[in-house]
**Q** 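Here it is: the structure, laid out below.
These numbers come from a predicted model, not from an experiment. The sequence lines fix the lettering, A, B, ..., with proteins before strands; numbering per chain opens at 1.
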There are 2 protein chains.
Amino acid sequence: MTVTSVHDPSHREALWELEDAFERGDLISVFGRCTVAYEGRAASDLGAGDRLLVLKPDGAALVHTDEGRQPVNWQPPGSEHRAAVRGRQLRVRSTRTNPDETLTVRFSDVHQLSAMAVTGGRDLTLHGSEEDLRTRILERPELVEPGFEPRETERPSSAGPMDVFGVDAAGNPVVVELKRRRVGPDAVGQLARYVRALGEELGAAEADPDGTGGDGDDDAPFVRGVLVAPSVTDRAAERLADRGFDHVALEPTPEE
Amino acid sequence: MTVTSVHDPSHREALWELEDAFERGDLISVFGRCTVAYEGRAASDLGAGDRLLVLKPDGAALVHTDEGRQPVNWQPPGSEHRAAVRGRQLRVRSTRTNPDETLTVRFSDVHQLSAMAVTGGRDLTLHGSEEDLRTRILERPELVEPGFEPRETERPSSAGPMDVFGVDAAGNPVVVELKRRRVGPDAVGQLARYVRALGEELGAAEADPDGTGGDGDDDAPFVRGVLVAPSVTDRAAERLADRGFDHVALEPTPEE
DNA sequence: CCATCTATGTCGAGC
DNA sequence: GCTCGACGTAGATGG
């Protein structure tokens, strides 16, 4: 069987099982009454209570209570687990370096300990990401606006690579920033940096406060900024308006 | 006993145990071979493999593999768990609304199922946080610089509340931004927004590129910006220099 | 409920 | 190794 499990073990029994499981590289879960101490980037102490300790063969350690998605205490992958019996307690300690951090779980009672050898099945495929949004726009540029022509993705600039670079129906350069979900003002700032960088590179006017457009008399092209996202916060909308940028409401995947 | 646990249960046995545990409000862990499907803000599929499913009475659900601190799939607190036998599979589904999200775990084999009633012990005390840093500075203002006098914490401004507001030995207003660890350029931008907001409010010059100081002839006070953090990245240092701000190297807790 | 900010964020990519 | 930006970020706090 791939799973070993003991119910209400003595500390010494639990220690044997833990050390065997460490040796085998098992995924381990321990129910029990414990205190938890953490010392590292910060420091914390947690009084006695019933909790679930998960120990992974890659060094990750998680202490979960009955609430929250987040563990109440943890140690990242790359740590080293050790266990020992200290007096009336079973001590499980997970340490790592860089930064130096230690997580110590002291069990007064171990109610249940299980360990499972884990095999395969790490092929997670996530849909609806920013890449899906880019694909969607490259396949159907008119979703951005009629006449839009993508020219380049991840186009380099002094402000970093812009998501999509293209031209509009009038031939103006367009910087498109993609966000897979509702965005705040930070995304507008990011878009503004790309637009400014491209404007400087092309020797163009960055903005057009008069609203007279850049396709007129002067030769310098007017660089437009378009933010593609499902929606924007109020403050982001303000900043878009300030900068003269456009917002296109678009989901990373088609509705239904 | 506060813990129930079954080894290699039939799907029907596992279903009974799950429903009892839901009823009791237990913290549940399930080892088994399963596929995972998520549909909501994004969507994902995960092929068959051995994993650990954790179900919490507050509605949180976590699917953990043998690697990583993060669950490979999850559902936040506030979701509702349901279980059913569907053909040759035990299906555990966790759903929530706003946004509509569904996590479905289909077990072909359940190796081990445990459930524990959890009581008390949620009194986590965390040290070394940003609040500790503020406390430290208010108690010993000279750590910022000789003659510094804190006047207000969380002082409101049009750019939001600033961590600490005070005056320096020369009487210049000082905005102090606190960070508990090494910071990047974003923190400088935040500080700059506060300094500008305060400058506009006081009708003062925001910056002093000439380095002539603001304690001289003109009446308008010169608003200084000080970033207190253990250290800063190179790019952050550049931006600090550009803006004429100061950096004070300080840990949230005294060394040793 | 929405908007903003912090985090022992975690995680992955680029340098 | 460090830095930077994204995340189904989570979680807390204030309007």
**Q** So what does B:Gln75 touch, heavy atoms closer than 4.0 Å: a base, only the sugar-phosphate, or nothing?
**A** base
**Q** B:His64 has an atom NE2; how far is it from atom P of C:dT10, in whole Å?
**A** 13 Å
**Q** Rounding to a whole Å, what distance do you find between B:Arg69:CZ and C:dT10:P?
**A** 6 Å
**Q** Between B:Asp132 (CG) and C:dA7 (P), how many Å, whole number?
**A** 11 Å
**Q** Is it the case that the side chain of A:Asp163 and the backbone of A:Leu178 share a donor-acceptor pair, with hydrogens and angles ignored and the cut-off at 3.5 Å?
**A** yes
**Q** Just checking, is any N or O donor in the side chain of A:Ser94 or A:Arg82 under 3.5 Å from an acceptor N or O on the other one?
**A** no
**Q** Just how far, in rounded Å, is P of D:dG11 from CD of A:Gln70?
**A** 5 Å
**Q** Nucleotides 4-6 of chain C: which of its N/O atoms have a protein N/O under 3.5 Å away?
**A**
residue	atom	partner	partner atom	Å
C:dT4	OP1	A:Arg235	NE	2.9
C:dT6	OP1	B:Lys179	NZ	3.3
C:dT6	OP1	B:Gln190	NE2	3.3

**Q** Apply the test side chain to side chain contact (heavy atoms under 4.5 Å, CB included) to residues B:Trp74 and B:Val63: give CA-CA distance (whole Å), side-chain angles for both, the deciding distance (0.1 Å), then the verdict.
**A** CA-CA 6 Å; B:Trp74 70 93; B:Val63 180; over 6 Å; no
**Q** Does C:dT10 have OP1 or OP2 sitting under 4.0 Å from an N or O in the side chain of A:Arg41?
**A** yes
**Q** Using a heavy-atom cut-off of 4.0 Å across all strands, would you classify A:Pro71 as base, sugar-phosphate, or nothing?
**A** nothing
**Q** Considering only heavy atoms and no angle criterion, is a donor-acceptor pair shorter than 3.5 Å present between the side chain of B:Asn73 and the base of D:dG8?
**A** yes
**Q** Select base, sugar-phosphate, or nothing to describe what B:Pro77 touches, counting heavy atoms under 4.0 Å on all strands.
**A** sugar-phosphate
**Q** Rounded to whole Å, please give me the gap between CD in B:Glu67 and P in C:dT10.
**A** 17 Å
**Q** Less than 4.5 Å apart, side chain to side chain, heavy atoms only: is that true for A:Leu52 and A:Ser29?
**A** yes
**Q** Does A:Trp74 make a side-chain N or O approach to OP1 or OP2 of C:dT10 shorter than 4.0 Å?
**A** yes
